[in-house]
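For reference, the structure discussed in these notes is given below.
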Amino acid sequence: MASLQKIVLMTQALQRQGEIWHEMLTSQDVTVIWETIDADLVQVLTQMHSAGLPLPDLLLVDMGMRNLNPYTLCQTCRQTFPELNIILTVGEEKEVAAAERQWAIYQGAKDLLPGMQQNSLITGAIACLNRVLEVLELLPMRQDKLMPVLAALSVNNVTAAMSEQPLTPVSPVVPPSEPNRYQGSPAPANPTNESNSPADNPSRRRYRGASY
């Protein structure tokens, strides 16, 4: 009997990072639900659970999310959805310090990954994707499907870098007692035209043919 397809619920503060993640994950036959950066993920998960829909196998959440501190999200999910895996990303950073990564893990995340850079896209993307696939228990990576995607993204990245307009940083809501130096940038209201993009009406969501 074939295993069920894995599901990743994703938010990314930078559209280009979201596009890279989306293309990489779908190349590995992972279903990606791409929510806007200001989505209330706790509410989304609660609605999915109430509608009898399967919860994601992984939350891939950028530190630039607007309406909730990502560490608070980790703590809430650990109490409410203890089986749910969370990987945090910081798309605006080239590197993540060991202390910052350990703090994220202490808060309940599986890992804290840096952004993927244009000048080292292939090596950085492979490292990040490998960690996600490890958490999803989908190793080994299907490089025959991944490499054409990365090659296309490398070409498109040059064009995107030349034409992309700078985004205005938006500080996440951070409780005073929790250290967090990250800032995020808003993603477009509809970052992709795929069917798993956020719906036009935020009060109604569709997933695998179900509306809730």
Side-chain angles (χ1 to χ4, degrees), residues 6-15 17-18 20-22 25 30-51 53-93 96-116 128-129 131-136 167 169-189 191 196-199 202-203 205 207 212:
K6 298 289 187 177
I7 305 169
V8 170
L9 176 60
M10 175 182 77
T11 66
Q12 288 293 304
L14 299 177
Q15 182 183 1
Q17 295 290 314
I20 295 171
W21 275 115
H22 181 272
L25 289 169
V30 174
T31 297
V32 180
I33 305 173
W34 188 350
E35 285 284 352
T36 56
I37 197 64
D38 56 352
D40 186 337
L41 294 188
V42 174
Q43 183 182 44
V44 171
L45 294 169
T46 301
Q47 289 175 339
M48 293 178 74
H49 180 72
S50 299
L53 300 172
L55 292 180
D57 298 284
L58 173 72
L59 296 186
L60 186 64
V61 179
D62 194 80
M63 292 294 293
M65 64 184 302
R66 294 183 190 177
N67 64 353
L68 184 65
N69 185 300
Y71 295 143
T72 301
L73 173 67
C74 290
Q75 295 164 4
T76 300
C77 287
R78 185 163 53 184
Q79 296 173 1
T80 310
F81 307 105
E83 301 301 318
L84 184 59
N85 294 312
I86 301 175
I87 288 182
L88 300 176
T89 64
V90 52
E92 292 187 338
E93 298 288 344
V96 172
E100 293 165 343
R101 180 175 178 271
Q102 284 302 118
W103 179 253
I105 293 174
Y106 178 76
Q107 298 301 315
K110 290 290 185 182
D111 214 330
L112 175 62
L113 303 178
M116 291 166 281
C128 288
L129 179 61
R131 181 62 179 128
V132 169
L133 294 181
E134 181 182 11
V135 173
L136 289 173
L167 300 176
V170 177
S171 300
V173 179
V174 182
S177 61
E178 295 189 11
N180 186 343
R181 67 183 181 82
Y182 297 114
Q183 289 183 323
S185 302
N196 50 18
S197 304
S203 64
R205 303 180 185 276
Y207 175 65
Y212 61 97

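Once rounded to the nearest 0.5 Å, the distance linking CD1 of Ile37 with CE of Met10 reads 9.5 Å. Taking CG of Leu136 as the reference point, atom CG of Asn85 lies at 7.5 Å (rounded to 0.5 Å). Note that the CD atom of Gln12 and the CH2 atom of Trp21 stand 7.5 Å from one another [nearest 0.5 Å]. To the nearest 0.5 Å, atom OG1 of residue Thr36 and atom CZ of residue Arg66 are 8.0 Å apart. How far CD of Gln107 is from CG of Leu112: 11.5 Å, rounded to the nearest 0.5 Å.
A salt bridge (charged side-chain N to carboxylate O under 4.0 Å, His left out) check over residues 101-110, counting only residues at least two apart or in different chains, returns the pairs Arg101-Asp111.
The closest side-chain heavy-atom distance from Leu68 to Leu41 is not below 4.5 Å. Taking 4.5 Å as the limit, every side-chain heavy atom of Thr80 sits out of range of all side-chain heavy atoms of His49. Residues Leu59 and Cys74 form no side-chain contact, since every pair of their non-hydrogen atoms from C-beta on lies 4.5 Å or further apart. Between Phe81 and Thr76 there is no side-chain heavy-atom pair separated by less than 4.5 Å. For the pair Leu129/Leu25, a side-chain contact is recorded, criterion being any heavy-atom separation below 4.5 Å from C-beta on. For the pair Val96/Val90, a side-chain contact is recorded, criterion being any heavy-atom separation below 4.5 Å from C-beta on. For the pair Thr31/Lys6, no side-chain contact is recorded, criterion being any heavy-atom separation below 4.5 Å from C-beta on.
Residues satisfying the side-chain hydrogen bond (donor to acceptor under 3.5 Å, both in side chains) test with Glu134, not counting sequence neighbours, are Arg131.
With no hydrogens or angles considered, no side-chain donor-acceptor pair links Thr89 and Gln17 at under 3.5 Å.
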